[in-house]
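Everything on this sheet refers to the single structure shown next.
In what follows, residues are counted from 1 in the order of the sequence shown.
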Amino acid sequence: MYQRDYTYIDLSMTEDQNRSLLELLVKVSREVATALDLRTVLQRVLYACLQHVGGERGSIIVMDDLGKAVDATIVYGKQFHDHTTQQLRDTVERGLAGWVVQNRKAVLVPDTSRDERWLRREDDAVEKSGAKSAICVPLLARERFVGVLTLVHSVPNTFNEEHLELVQAISDQASVAVLNARLYTETQRTARVMSALAEGAAAINSSLEMQDVLRRILNQTMQALQVETVALALIDPTGNELVFQAAAGNNSGSIPGLRTPAGQGLTGKVIEDGHGLVIPAVKQDPSFEKTDKLSGVDMRALAIAPIQLHGSVIGVLEAINPISGAFDPDALVVMTGLGSLAGTTIDNSKLFEQLQNAHRHYRELFEDSADPILITDWEGKVLEVNRRAVTLSGYTNTELHSLSIDQLHEVSWNKTGLNFENLRTGEACVYESGLQRQDGGTVPVEVYARRVEFDDAESVQWIFRDITARKELDALRDDMTSMIFHDLRSPLGNIVSSLEMMSTLMPEDETLNSMLNIAKNSTGRIQRLVNSLLDINRLEAGQQIVDQNSIDPVALVRESIRDVEPSVTARQHTLTNRANSVLPLIWVDVDMIYRVLINLLENSTKFTPVGGRIDIGAQTSEDGLFVKFWVRDNGPGIPPAERERIFEKFARLRGKNKPGGLGVGLAFCRLAVHAHGGEIWVDSEVGKGTTFWLTLPVAQMQSAGKLKRQTGRLTFKPDRTPTR
């Protein structure tokens, strides 16, 4: 009997009836077409139906494209009544309107007490309004389901088929207007939401200070939702608790600092599900728990939205008691958007605080450092200095900022690279130089340079460590070494010569010969020490080794063992010679390498316990260019931290019950081996022993005509010349 989107006129009607119907439809069309507000359109449609069809009350439920009720208008007589979300849900799911939604058909119910499709409520009881008559029709526009219109009369059988047709005609005429109003309302709502979120984003993100950020989030929430109180809580990372960080509005003073379990109540549900919720009537909602209450706040209505960051909930945002009495339909959308904005902004604020703290900590370390520190750009211009740099250089802070780094010290371009190219790649460098003071003096410094980030730009950090005391100590040691050498060499040579003469003049006597050998061995050790000190000075000064000869490494090992036998015997050590095979000649300063082997053997005897075991050996390297020597013991071993330091001059192992000494033996060994083009290193395991390794070059074949294998008994004169 009816058709969508245009008016159908029953031909059986009289001409006057048709004219009246057309006038009614034109009037309805004109009234609803002049409004875009959805509520206004719905009210005018309902008034038209009640006025021209009859009925005591009516309602229109508006549906979205997914079939979800989005709005409704209810009229009792001439009064509009509010509705709840639950009422709409019940009507659409279980009531007569729900049947119409599912079947898309109009329905006439002469007696609601006789129709199961009617959802009976309290006022349907016999003692109250009792049975009714009802009409329910769909609103369809261009095949889109727009909503459901219902008219109700308190007297059964009031409505008939003509009333049904008339209501359907009015609804058909009004459907397009309702759809347009719904779309307009949705557009306005979206614009309102986007505007609120845009304003919120602009306000919230205008600061990075945490307290200011929290205050702005609360203010925007209160302004957008028009509520009495707002509160913000974050999940405590150290425990399963929500901690309220800030609050604003009525009775909000006692909220900050409040702690509640993160997994309980409505807030727990929001955190778990990651979705917000609105409680329009807190006291009537069974899901509202004691943990949801906030101190001093009388909650009537509550909206909670999650504060999310990278897909995880980090807290909640609560809006309490809307001023209008009910939350706007967009309240949860706005709150959810603000919650997402808040999560990002709070995280940025935390990162900003961490950056500020790190920067402050760096500044404190920078200023309080005991060493001068300067920051320069890649051109070498000084950008920043600490107090120690001002003190040590004698320049003022302003004067230092006007200088370049190469005006303050001689830059080691070999270390930094030209234009600091080595530093640009992230490589750090260390070298010694002199800091030029303002008064013209120079302070010896150890320079440590590396690339750093300073004020959001790549820069170079220069640390100048004052090594004046170390240089003075080195000079003192050098003076002492020079004194020992010059003051001892001449009398020591006389003692050695005298002992040699005495050995030829003394009669054969075992006791005298034993005493004489002890004296010879002792003077030999002193002579080796003096020569080693001299060699250290020469090698550190860069002098080349010129007195080189070929020598049989097996003979060299054998002679070294012979000279340490007294010490080995005294400590009951077992010394084993593993250099038994034929090896190629090596091209070395014989006396210097002999002293290297003696130093390593004597070092082992000092650290190996009584009755211990010492091995010495030699073998050809895999490439045939070197002979590899080793000295191994089963002493206490060397800790990893000490294995490089022991080769430094005047360095000794730290700790109680460690043998004494000047600490020059291993330093001499390294300098001597490196001067020959070889390598020396140590392998050690604490508690199990130590092995020293060294390599020395094989004599080249082209020099064979000039060399003579030395395999016999070797002796070493005080002037360091090896003889047969």
Side-chain angles (χ1 to χ4, degrees), residues 430 528-529 532-533 535-536 538-540 542 544-545 548 551 553-554 556-557 560-561 564 573 575-579 581 583-608 612-655 658-659 661-699:
V430 181
R528 287 194 297 273
L529 175 60
S532 295
L533 288 171
D535 286 333
I536 286 176
R538 290 174 175 173
L539 295 173
E540 284 184 332
Q544 300 294 319
I545 297 176
Q548 289 183 259
I551 184 67
V554 175
L556 197 59
V557 170
S560 302
I561 292 175
V564 298
H573 292 157
L575 177 57
T576 305
N577 182 4
R578 305 290 183 183
S581 59
L583 298 174
L585 299 177
I586 55 176
W587 183 243
V588 295
D589 182 318
V590 178
D591 177 61
M592 188 178 290
I593 298 305
Y594 164 77
R595 284 186 280 114
V596 168
L597 295 178
I598 291 293
N599 275 329
L600 295 177
L601 286 170
E602 288 183 340
N603 192 67
S604 291
T605 60
K606 286 195 295 183
F607 286 94
T608 302
R613 185 179 65 257
I614 301 173
D615 291 348
I616 184 171
Q619 65 186 47
T620 307
S621 64
E622 294 180 358
D623 57 13
L625 300 177
F626 294 88
V627 172
K628 182 190 292 185
F629 296 82
W630 73 86
V631 176
R632 181 179 296 118
D633 63 57
N634 65 339
I638 302 172
E642 301 281 351
R643 290 175 193 170
E644 282 299 318
R645 198 182 68 85
I646 58 175
F647 289 105
E648 296 176 4
K649 190 167 59 172
F650 304 115
R652 293 177 295 175
L653 286 178
R654 293 180 280 246
K658 298 296 183 182
L662 285 176
V664 297
L666 292 178
F668 159 72
C669 291
R670 181 167 67 173
L671 287 168
V673 172
H674 286 177
H676 283 83
E679 295 291 335
I680 183 169
W681 68 96
V682 61
D683 290 331
S684 184
E685 187 173 353
V686 176
K688 293 188 177 181
T690 301
T691 302
F692 282 92
W693 301 85
L694 64 97
T695 58
L696 293 168
V698 170

When you compare the side chain of Asn603 with that of Phe692, does any pair of heavy atoms fall below 4.5 Å? yes
For a 4.5 angstrom cut-off between non-hydrogen side-chain atoms, does Thr608 reach Arg613? no
Quick one: closest heavy-atom pair of Ala579 and Val554, and the distance? O-CG1, 3.4 Å
Could you check whether any side-chain heavy atom of Leu666 comes within less than 4.5 Å of a side-chain heavy atom of Asn599, counting everything from C-beta outward? no
So, Arg645 and Glu648, do they make that salt bridge, N to O below 4.0 Å? no
Starting at OG1 of Thr605, measure out to CG of Leu575 and round the result to the nearest 0.5 Å. 9.5 Å
CG of Leu597 to CG of Leu556, rounded to nearest 0.5 Å, is 5.0 Å
Would you check if the side chain of Thr695 reaches a backbone N or O of Glu679 as a donor-acceptor pair within less than 3.5 Å? yes
Taking all non-hydrogen atoms of both residues into account, name the closest pair between Pro553 and Leu583 and its distance. CG-CB, 3.7 Å
Any donor-acceptor pair under 3.5 Å linking the side chain of Asn634 with the backbone of Gly689? no
Contact summary for Asp623 and Phe626, nearest pair of heavy atoms: OD1-N, 4.0 Å
Phe647 side chain reached by Val682 side chain, heavy atoms, under 4.5 Å: yes
Between CD1 on residue Ile616 and CD1 on residue Ile561, distance to nearest 0.5 Å: 5.5 Å
For Ile545 versus Ala672, what's the shortest heavy-atom pair and its separation? CD1-O, 4.3 Å
Nearest heavy-atom neighbours spanning His676 and Leu696: CB-CD2, 4.0 Å
Which pair of non-hydrogen atoms, one from Ser604 and one from Asp633, has the smallest distance, and what is that distance? OG-OD2, 3.3 Å
In terms of the angle between their ring planes, are Trp693 and Trp630 parallel, tilted or perpendicular, with boundaries placed at 30° and 60°? tilted
Quick check: does any side chain N or O of His573 sit under 3.5 Å from a backbone N or O of Ile614, one acting as donor and the other as acceptor? no
To the nearest 0.5 Å, tell me how far Arg595 CZ sits from Ser560 OG. 11.5 Å
What is the distance from atom CG of Leu671 to atom CD1 of Ile680, rounded to the nearest 0.5 Å? 10.0 Å
Approximate separation, where rounding is to 0.5 Å, of Thr691 OG1 and Leu600 CG: 11.5 Å
Hey, is the main chain of Trp587 close enough, under 3.5 Å, to the side chain of Gln548 for a donor-acceptor pair? yes
4.5 Å side-chain heavy-atom contact, Ile586 and Phe629: yes
Side chains of Met592 and Val588: closer than 4.5 Å at any heavy-atom pair? no
